[in-house]
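Structure first, then comments.
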Amino acid sequence: MPELPEVETVRRMLDESVRGLTIRSVALSGHRLREPIPATLPRRLRGRTIERVERTAKYLLIGLDRDLTILSHLGMSGRWLVLSPGQRLTLPHVHARIRFTDGTGLWFQDVRRFGLLRLVPTADLGRDPALARLGPDPVAEPPTGAGLRAVARGSRMAVKTFLMDQRRIAGLGNIYASEVLHRAGLDPRRHAGGLAPGEWEAVAAEIRAVLAEAIAGMGTTFSTYRTVWGEPGRYGESLRVYDRANEPCHRCGTPIRRIVQGQRSTFYCPSCQGGRSGPRRARAPRTPATRRAR
DNA sequence: ATCCTATCCTGTAGGC
DNA sequence: TGCCTACAGGATAGGA
């Protein structure tokens, strides 16, 4: 479940550790990932030098000389590992092994094989289907309340699902979508099109804050994610609701609730998030009893 | 157009 | 203890 902060952490470390190195050889496992790794990859990479490591949303763009980019997505369990020259390591599920001329190694490991390795001419990146579909990256273009509200206009999607829709805003996944909504005090079941301008301002502000804090903490380690050196991220300690079902809300003590939206778990505090502007309040006609209860 | 569902995959947690 | 099932979810194709 690497989301934007985890991918950004990997990007920074790769940029520091392998930029400027020249590829001597590449070996593939033969297993397919989300799509097959191009069989031509070893031949096309040999002799090229890594010039830059960039990121768009959850995609890593490893830029090589002579107009070629490795487009990589970590999926659920993908990992890039950097091996120092001479370092020996036995690991299962390694699908690509890059060896540089100085002896440094760069491996792509992916247990669940939802990841992606694709070669794209750098000049064509904007036209690649995976990238062309993406909405704005919230680090490159920090979201504003007005901007999000415009994108959500008329949408009946639950706001939690909306935040995870990479075509609307690209980079949030299941963990940070739940965190953002708790911090903004919004019920995840609300229709995205029904949020007030002030509520969108809160969402935008919390997206900016959560991403900045999570990047500073080198991401959240949940099960398999590690940095390229194998260290866990620190942001997991800061999570307020994710994977905390039945534990007390840090703000009010109410047990955190887990629901399922779009086949995914959502965690939220029924007291801090919802309250008066909760979803479908007016479903049943008000009786005197319910009116009194308010 | 918009939204929803099933699918890919494997390690792990929980039940019995 | 060991077997079995359910669950975790990012992206996407296809259906309603």
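As a basis for the values below, the full set of heavy atoms in this structure was taken, side chains included, without hydrogen atoms, waters or symmetry mates. A note on names: the letters A, B, ... follow the listed sequences, proteins ahead of strands, and every chain is numbered from 1.
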*Validation row, ring centre A:H73 to ring centre A:Y59 under 6.0 Å*: yes
*For DNA chain B, find the residues of residues 127-159 of chain A with a heavy-atom distance under 4.0 Å and give them by number; none if there aren't any.*
A:S155, A:R156, A:M157
*Send over the distance from A:L33 CG to C:dG10 C1', rounded to a whole Å.*
14 Å
_Nearest-Å distance for atom pair CD/P, residues A:Q261 and C:dG10_ = 14 Å
*asked:* Before you tell me yes or no, could you show the steps for A:L81 and A:L89 under side-chain contact (heavy atoms from CB on, under 4.5 Å), namely the whole-Å CA-CA distance, both residues' side-chain angles and the distance that decides it to 0.1 Å?
replied: CA-CA 11 Å; A:L81 298 96; A:L89 194 56; 4.3 Å; yes
*Please determine if A:R190 and A:D187 form a salt bridge, counting it only when a charged side-chain N lies under 4.0 Å from a carboxylate O.*
no
*Dot-bracket for DNA chain B: what is it, with Watson-Crick or G-U pairs under 3.5 Å, [ ] where a pair crosses earlier ones, and | for a pair to another strand?*
.|||||||||||||||
*Roughly, in whole Å, what's the span from CG in A:L74 to C1' in C:dG10?*
11 Å
*Indicate the atoms forming the closest heavy-atom contact of A:I215 with A:L4, along with that distance.*
CD1-CD2, 4.0 Å
*Return the value, rounded to whole Å, for the distance between atom CD1 of A:I175 and atom C1' of C:dG9.*
10 Å
*Any side-chain N or O of A:S265 under 4.0 Å from OP1/OP2 of C:dC7?*
no
*Going by the angle between their ring planes, with limits at 30° and 60°, are A:Y242 and A:F267 parallel, tilted or perpendicular?*
perpendicular
*Salt-bridged, A:D128 to A:R118, with N to O below 4.0 Å?*
yes
_What is the separation between atom CZ on A:R167 and atom P on B:dT2, rounded to the nearest whole Å?_
9 Å
*Could you tell me whether A:R258 contacts a base, only the sugar-phosphate backbone, or nothing, with contacts defined as non-hydrogen atoms closer than 4.0 Å?*
sugar-phosphate
_Checking A:T22 against A:T49 for the side chain to side chain donor-acceptor pair (under 3.5 Å) test, could you report, in this order, the C-alpha distance in whole Å, the side-chain angles of both residues, the deciding distance, and whether it holds?_
CA-CA 4 Å; A:T22 298; A:T49 300; 2.7 Å; yes
*For the pair A:E3 and A:K58, find out whether any cationic side-chain nitrogen is under 4.0 Å from an anionic carboxylate oxygen.*
no
*asked:* One thing to verify: whether A:R24 and A:D102 come together as a salt bridge, which I'm taking to mean a side-chain N less than 4.0 angstrom from a carboxylate O.
replied: no
*Please report, rounded to the nearest Å, how far the P atom of C:dG10 is from the CG atom of A:D110.*
13 Å
Between the protein and nucleotides 6-10 of chain B, which nitrogen or oxygen pairs come in under 3.5 angstrom?
unit_1, atom_1, unit_2, atom_2, d
B:dA6, N7, A:Q263, NE2, 3.3
B:dC9, O4', A:R112, O, 3.4
B:dC9, O3', A:R113, NH2, 3.3
B:dT10, OP1, A:R113, NH2, 2.6

_Nucleotide C:dG10, atom C1' - distance to OH of A:Y176 in whole Å_ = 15 Å
*With a 3.5 Å cut-off and no angle check, do the side chains of A:Q87 and A:S84 form a donor-acceptor pair?*
yes
*Using only side-chain N and O atoms of A:H73, determine if any of them is under 4.0 Å from OP1 or OP2 of C:dG10.*
no
_Minimum-distance nucleotide to A:R34 side chain [options: C:dA8, B:dC3, C:dT12]_ = C:dT12
*For A:D165 and B:dC3, give me the distance from atom CG to atom C1', rounded to whole Å.*
10 Å
*asked:* Under a 4.0 Å threshold between the charged nitrogen and the carboxylate oxygen, would A:E35 count as salt-bridged to A:R113?
replied: no
_Ring-face cation contact, A:W200 with A:R149, 6.0 Å cut, 45° max_ = no
